[in-house]
Amino acid sequence: MIAENYILWAIAVPLVGSLVILLTGKMPNLRESVTLVTAVTMFLVVGSLTHVVTRGGRPSVSLLEVFPGIELKFTVEPLGMLFALIASGLWIVTSLYSIGYMRGNNEANQTRFYFFFAIALACAVGIAFSGNLFTLFLFYEALTLSTFPLVTHAGTETAKRGGRTYLGILLSTSIGFLLLAVIWTWSLTGTLDFKPGGILAGKAEGPMVGILLFLFMFGTGKAALMPFHRWLPAAMVAPTPVSALLHAVAVVKAGVFTVLKIIVYIFGIDFLAASGSNVWLMWVATITLLFASIIAMYKDNLKARLAYSTVSQLSYIVLGAALATGASVIGGGLHIAMHAFGKITLFFCAGAIYTAAHKTLVSELDGIGRKMPLTMGAFLIGSLSIIGLPPMAGAWSKFHLMLGAAEAGQLIFIGVWALSSLLSAAYLIPVIARAFFQPLPKLAGAAATDEGIQEAPVFSLVAMAITATGTFVLFFFAGDIANMLAPIAADGK
Amino acid sequence: MSALFSAHLPAIQVVVPLISAPLCVLFRRTGATWLIALIVSWTSFGISILLLEQVIANGPISYLLGSWAAPWGIEYKVDMLSAFVMLIITSIGSISMIFAPNSVNSEIPDDRIYLFYTMYLLTFSGLLGITITGDAFNLFVFLEISSLSSYVLISLGAERNALTAAFRYLILGTVGATFYIIGVGLMYQMTGTLNMVDLAQRLPAVAETRTILVALGFVTVGIGLKLGLFPVHVWLPNAYAYAPSVVTAFLAATATKVAVYTLLRIYFTVFGTKIFTALPIGEFLLLLSLIAILSMSAVAIFQKNAKRLLAYSSVAQVGYMVIGISMVTATGLTATILHLFNHAMIKGALFLVLAAVFFRIKSVKIEHMAGLGKVMPYSMAAFVLAGFSLVGVPLTVGFVSKWYLILGALEKGWWPVAGLILISSLLAVIYFWKIVEVVYFKPRPQDAPLIHEAPLAMLIPMWVLVGANFYFGLDTDITVGSAKAAATLLIRGAP
């Protein structure tokens with residue numbers, strides 16, 4: 001019973017925190033303390049569920065019946081556990097970072113910022129712990145709406161346009177496809193619960209499976225499958241902490257988490273693999289992951305480059321889900337964690353460069369590594385993890401994914417992932433090379449300012465150090481995470 | 001005493017508002033007339049709850065007016081559907097009356113305010129009468145009472161355009177009522193009765209005759225005019241746009257709902273589901289409403305006046321309700337009946353916000369609403385939340401309606417229809433978001449006068465409705481329960 005209460009607390013804590021943030025809005029120091037305390041409390045609450053889940057427990061709680069037969073219901077299983085741990089854990093780090101960033105850049109409306117941030121986290125954990133498709137859909141939409149004010153935080157014309165794209169794509173895919181798929185599933189099966197082995201086997205057949213998969217996958221706009229990926233680069237108008245936590249971790253991971261969850265618990269990997277309806281999805285994911293990498297190479301804006309890199313990395317996970325084997329879904333789950341640490345580090349660095357030197361373009365970064373060695377050092381570590389080189393965490397998830405491709409007998413995708421590693425090196429290494437090996441530009445006017453660049457604020461550095469260390473440490477704990485996730489592959493059998 | 005009281009509730013429900021209307025003319029003083037309207041509305045609200053409870057506990061109530069036995073006398077009939085619709089009318093009426101004083105005092109000249117409350121009470125009793133009566137001709141009488149008084153209500157609008165809008169509504173509304181009564185006349189000619197239950201029993205014998213089919217056509221067009229069915233909705237946008245703000249909120253939330261109720265009553269109680277197989281009437285309605293939900297939502301996107309924008313949105317929303325009817329299934333009718341209630345909550349809330357906006361800035365042109373997010377934060381937050389419900393975000397009533405409507409379409413295997421409904425709700429995102437962007441992203445002009453948040457007397461009623469949007473989005477026992485029960489009764493064609 002205690003575990004059941006913790007589930008509700010995990011969602012209630014950030015919601016209560018958000019209200020206290022509103023009340024303490026006039027006192028910035030107190031307000032930021034509230035954010036930190038909320039984040040730490042939430043992480044502890046989420047963390048206390050871990051041992052229950054690793055021992056095979058599946059705590060579940062139903063709040064109320066919204067429609068006859070459809071409840072607002074939460075169930076914790078390994079995949080959701082992992083996602084919730086990452087989202088809430090990285091929120092602590094991001095909060096530290098935000099304090100440095102928001103104050104360093106004198107951003108306006110900071111109370112609103114922290115308020116919606118806390119709500120977004122509550123939604124992310126709601127998605128992670130959702131016990132049925134209805135609950136998942138509810139928090140999925142709430143996450144879209146609660147992050148809109150964060151994306152458009154600047155309130156400028158560009159922010160408004162970015163916000164339109166963001167909301168437009170995420171809402172139209174979710175209402176147009178996902179909702180339809182959910183209601184269809186309900187009318188086919190009479191249940192929306194996530195069940196090990198799926199609920200569609202025996203209820204859907206033939207081309208219907210393919211159409212449902214199409215609706216579910218493109219309906220999950222947050223997974224950024226092409227051609228519905230444009231919202232992610234558009235969201236980069238947001239302040240960097242938002243890009244870091246929400247658009248490298250919470251929101252996008254909510255998308256691929258939904259994809260994994262639907263394939264594992266609604267379709268069931270065996271049913272999907274047997275139906276053969278998953279082949280097209282493999283190719284859509286492949287195209288997305290290759291094209292996005294290529295686009296990333298041509299983006300001069302650092303955050304845009306990172307955004308396209310994220311689009312590409314998300315498709316690793318979708319491809320893992322599409323392969324529908326034990327190893328590939330575990331690899332997908334692992335990659336949620338590994339990519340989160342790597343990419344949040346990179347975004348922290350991008351934000352630190354902006355705060356310290358007011359630079360946003362890759363071409364402006366010549367020699368900046370000499371002035372900001374710690375920041376660019378962290379960038380290097382993050383990059384290595386994204387590329388998938390040991391001893392960084394990204395190596396393991398890629399290994400599992402490739403294993404999954406072999407298991408599925410689709411060897412070609414091993415090649416796809418190898419190629420993708422090369423492409424990620426091609427868009428990330430030049431940034432580091434410029435920063436460390438090019439001399440600082442010697443322009444008459446700019447020289448003085450560029451000479452004066454200092455290392456990023458302490459708060460930001462601490463945050464970066466934590467996540468960069470994380471990418472390294474996770475390399476050694478990847479086995480434990482894979483063990484925790486193992487039941488999702490077994491569930492499918 | 002109390003037994004006597006509760007036995008006569010159906011009559012009290014209609015008669016009290018009807019006789020308090022002339023009372024308002026006698027009193028004339030603004031405060032007194034408001035008080036009468038307020039007390040009457042809340043009393044009726046209470047009676048509606050009692051009636052609903054009685055129906056849930058004991059089944060349909062039949063009340064013989066003046067103890068004249070049906071079918072010779074007039075029978076009042078309260079079943080699940082009519083009790084539910086009365087609950088909508090009276091709850092919206094009660095909340096509008098709390099909201100009204102500020103808005104009415106600022107929009108209507110002092111010497112005509114008593115007219116507003118008089119006409120409101122007449123409309124109110126007319127709508128209740130339509131809902132409660134079990135007699136096809138008596139329904140016409142109440143239809144005329146509610147229509148004539150609503151023409152006056154609309155013409156009380158401050159702009160001169162209100163007069164032309166009211167006149168246009170008068171012409172089309174009269175045509176509609178006339179068509180309806182012609183249809184009823186033809187039915188009387190063939191069956192010799194006007195009592196709905198009686199009609200239902202006698203119609204099958206003559207169902208195939210041309211006269212009855214023609215009667216059906218007349219009735220459909222007549223009611224279609226009243227409910228703003230595309231393409232005979234043309235009176236509606238201007239009427240909503242130029243009527244006094246409170247009138248718009250009240251009529252938008254109730255009048256079209258009662259027209260939909262009438263359609264349900266005539267189709268399912270009087271004619272029975274057989275007409276849908278005898279005539280392609282379902283297909284006809286489906287086609288019109290599909291055009292309505294797409295074209296009217298698209299037209300709404302290009303509106304410059306927020307009230308008119310929401311008016312077009314209403315025509316589209318009526319389309320959703322008619323789609324539910326055209327399915328002729330229990331789920332479809334559940335969706336329709338649910339949306340009667342849910343849309344009343346949504347549009348009621350949205351129009352009350354616009355009334356508060358008009359109260360402060362004397363305009364509801366979208367461009368004039370720039371920057372209101374900062375100066376009227378609570379009103380605008382209400383607008384955004386009610387808008388979420390309009391779009392159908394989960395946790396809101398709008399989502400509940402959409403869920404059942406799509407479910408109904410999928411049960412019928414109507415894939416394209418489900419798709420078009422979803423597309424139309426995406427159009428709703430666009431027109432609603434257009435206002436939100438102006439309100440929150442555009443700064444208020446420098447020379448704009450300093451204004452404040454709306455007074456509490458306006459904020460509370462509007463937030464009560466917003467709260468209802470979320471409460472009934474989560475706890476659907478009452479709404480879905482009543483709607484399902486009513487739909488099951490209708491689909492069986494049981495009287």
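Computed over heavy atoms, backbone and side chain alike; hydrogens, waters and symmetry mates excluded. Naming convention: chains lettered A, B, ... in sequence-line order (proteins, then strands); numbering from 1 in each chain.
- Interface summary for chain B: among A:L171, A:L167, A:T156, A:T144, the most heavy-atom pairs under 4.5 angstrom belong to A:L167.
- Taking the six-membered ring where tryptophan is involved, the planes of A:F134 and B:W403 are perpendicular, since the angle between them exceeds 60° and thus also 30°.
- Here the closest heavy-atom approach between residue A:G176 and residue B:L422 is recorded as O-CD1, 3.6 Å.
- More than 12 heavy-atom neighbours from other residues, nucleotides or ligands sit within 6.0 angstrom of CZ on B:F441.
- Using a 4.5 Å cut-off on side-chain heavy atoms (C-beta onward), A:E65 and B:T476 make no contact.
- Proximity to chain A (any heavy atom under 4.5 Å) is shown, for B:L407, by both the backbone and the side chain.
- Shortest non-hydrogen contact noted between A:P68 and B:V480 is CD-CG1, 4.3 Å.
- Residue with the most contacts toward chain B among A:L63, A:L188, A:T152, A:L72: A:T152 (heavy-atom pairs, distance under 4.5 Å).
- Crowding of A:R230 atom CZ: a count of heavy atoms from other residues, nucleotides or ligands under 6.0 Å not exceeding 12.
- Contacts with chain A were tallied for B:Y440, B:W433, B:F388; B:W433 has the most, counting heavy-atom pairs under 4.5 Å.
- Comparing B:A418, B:P394, B:P443, B:G481 by heavy-atom pairs within less than 4.5 Å of chain A, the highest count is held by B:P394.
- Counting heavy atoms from C-beta on, the side chains of B:D475 and A:L64 never come closer than 4.5 Å.
- Using a 4.5 Å cut-off between heavy atoms, A:I70 touches chain B through its side chain atoms alone.
- Counting only heavy atoms from C-beta outward, the side chains of B:I406 and A:L179 never approach each other to under 4.5 Å.
- How far CD1 of A:I211 is from CH2 of B:W415: 7.5 Å, rounded to the nearest 0.5 Å.
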>> A:I183 vs B:K402, test: side-chain contact (heavy atoms from CB on, under 4.5 Å). Steps then yes/no.
In response: CA-CA 10 Å; A:I183 302 180; B:K402 197 157 67 181; over 6 Å; no
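- If you take NZ on A:K160 and NZ on B:K442, they are separated by 6.0 Å, rounding to the nearest 0.5 Å.
- Counting non-hydrogen atoms of neighbouring residues, nucleotides and ligands closer than 6.0 angstrom, the CZ atom of A:F67 exceeds 12 such neighbours.
- Taking every heavy atom of both residues into account, A:S172 and B:L426 meet most closely at CA-CD2, 3.3 Å.
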